[in-house]
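To start, the structure itself, in structure tokens.
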Amino acid sequence: MDRRTFLKYSLATGVVIWAGNEIPSLLGSESDVSKLFAIDPASAASDYFPQSVASGDPRPHGITLWTRITPPQSNTAQVAFEVSEDEGFSAIATLRGTAKTNQSKDYTLKIQLNSKELKPATTYYYRFIYAGTTSRTGRFKTLPTPNAAVDRVRFAYINCQDYTNGYYNAYRFLASEDIDFIVFLGDYIYETVGDTSFQRGIRPLRLPSGQPTASTLADYRFLYQTYNSDPDLQSIREKFAFITIWDDHEFANDCFQVNAPDQVPFHKPKLRQIATKAWAEHTPTSVSFDESEDPLEAIQIYRTFKVGNLLELVLTDERLYRDGPPCDDLAAQQQTYIQSKRYITPDCPGRNDPNRTMLGLKQRQWFLNQITKSSRVWKIWGNEVTTMQIKVLSAFATKLLGTPTPDLFITLDQWDGYPAERSLLFKTLSEAGVKNFVTITGDLHTFIAGYQKVNFDNPTDPPVGVEFVVGSTTSSNLSEQSVSPGTPAVPIALLTQVLRGSNPHIQYFNSATHGYNLVEVTPQALTCTLKAVSDITKPGGTLSTLKTFKVPRDQVLIQEV
């Protein structure tokens, strides 16, 4: 068979891919294979595809397609799929194929396509077929070739979608945006289902284990199944390819390596591995996972995407390789829980250890190489936790608490807990003369715009780059979270003033709403628009624009539009 007829045949993965409508003869009987593509018009997608479809990791000639089925019997199931430039699938298919899945994969399917049959910068449609039933139709757009002259790229980035804490109203509006892809920056699920300090129980869940925190593979799978059953989340997964990384709650709050610092005992390699397995099964990504390997070696999610000559998106993993919290007494937590010293906390000697790392040595060198050697106009860092220093100066803290108090860091789980490595990164980029460096960040459930510096405590230190932090989709922001015992409640308006006054590098701060960020990149400028929904406590709401900021080419400058 020539290349046009037959592209890939893999017994190891149970996936067969070919171009056009002609069925490769080596698959056996043409009539048997044709039955896999036969469609019963009376069937409904919801019968077998409860989480609909998704796509991810777009490339100039590639994409990963995803779905999950619910077969009537617990055995191996064979599923057909089609990709076409025609939304109605009436023309000859661009690519067709079959794939097998079973209970060991939670009946998920991931089809990694890498074929010259897929043209760069082109919109395609796809669907799955099982038992005569078609899934809903999905859509994705391939990336331009790495050296193509690109005039404009538009994408959205989102994060922190706690199902229990509200409705995904923002996604109803995001589904209508004119964008090329979506970047998800972590906290796709939350491992806890009833933590009253930050979960309001608007949409209550009960884990299969009956525990308040995910403790089994079934628990983690249940969370992905439930989250992906939400119709608003399905709508954006169907319409746009996702580029996804994780943060902490895909495993455990404030996790590092295989450790969950808020759980006793905190060293949990088996739990880390099953959490990773569930993420790999339910995320439309080309990242491979080998569960026979050690948890720290089983997967690598840091990677890069080149979009023509215009931008390079560099994504990092800030959980799997990081050192533990600098000020927590983790040894004591093996026996009994100790109040963590990660939030609203003063400095400690461990924080300034020059050897402390969030990225790990290997990933750090990779990251610096990608950014400093990139030939694209814009270098965009897909980053999990805030790089900008965020603290309350002593004068403000003393007045708020009514007693002499040193400077207080809001949280040491972000880059404030790793200041030496942060300075090293920004100093290296500055000395290399890197221009047009922009960071997009999640995690803090807050909309923030500000500057990155080698030394945040030096007001004359020139900025190296700009950072735009996106608010959460639903996860509790600072205005909604419960106050820690012994800490006075501070109105969000006052807290905003205090944080702006304590951190002059921050140009905008809003932790009282939810939504998403839109980014438009052209050769002349990068524009970031912060969009918010009016309500997440019930379906519906309205959408508004909080702010629009522009970064002109070759300038470390945030301009409000």
Working to the nearest 0.5 Å, report the span between OG of S52 and CD of Q234. 5.0 Å
Any donor-acceptor pair under 3.5 Å from N503 side chain to H505 backbone: no
Report the relative orientation of the aromatic rings in W415 and Y418; use parallel for angles under 30°, tilted for 30 to 60°, perpendicular for over 60°. perpendicular
Keeping R500 on the side-chain end and Q507 on the backbone end, is there a donor-acceptor pair under 3.5 Å? yes
Please check if the side chain of E467 supplies one atom and the backbone of T387 the other of a donor-acceptor pair under 3.5 Å. yes
Taking ring-ring contact (aromatic ring centres under 6.0 Å, His included) as the criterion, tell me which of F155, F242, F305 meets it with F181. F155
For D254, does its backbone N or O pair with a side-chain atom of D248 as donor and acceptor, under 3.5 Å? yes
Closest approach of R172 to P539 (non-hydrogen atoms, all atoms of both residues): NH2-CB, 3.3 Å
From K538 NZ over to R203 CZ, what is the distance, rounded to the nearest 0.5 angstrom? 14.0 Å
Atom of F468, atom of Y157 and distance for their closest heavy-atom approach: O-OH, 2.8 Å
On the 0 to 90° scale, with breaks at 30° and 60°, tag the F426-F456 ring pair as parallel, tilted or perpendicular. perpendicular
Donor-acceptor pair between N477 and T446 side chains, under 3.5 angstrom: no
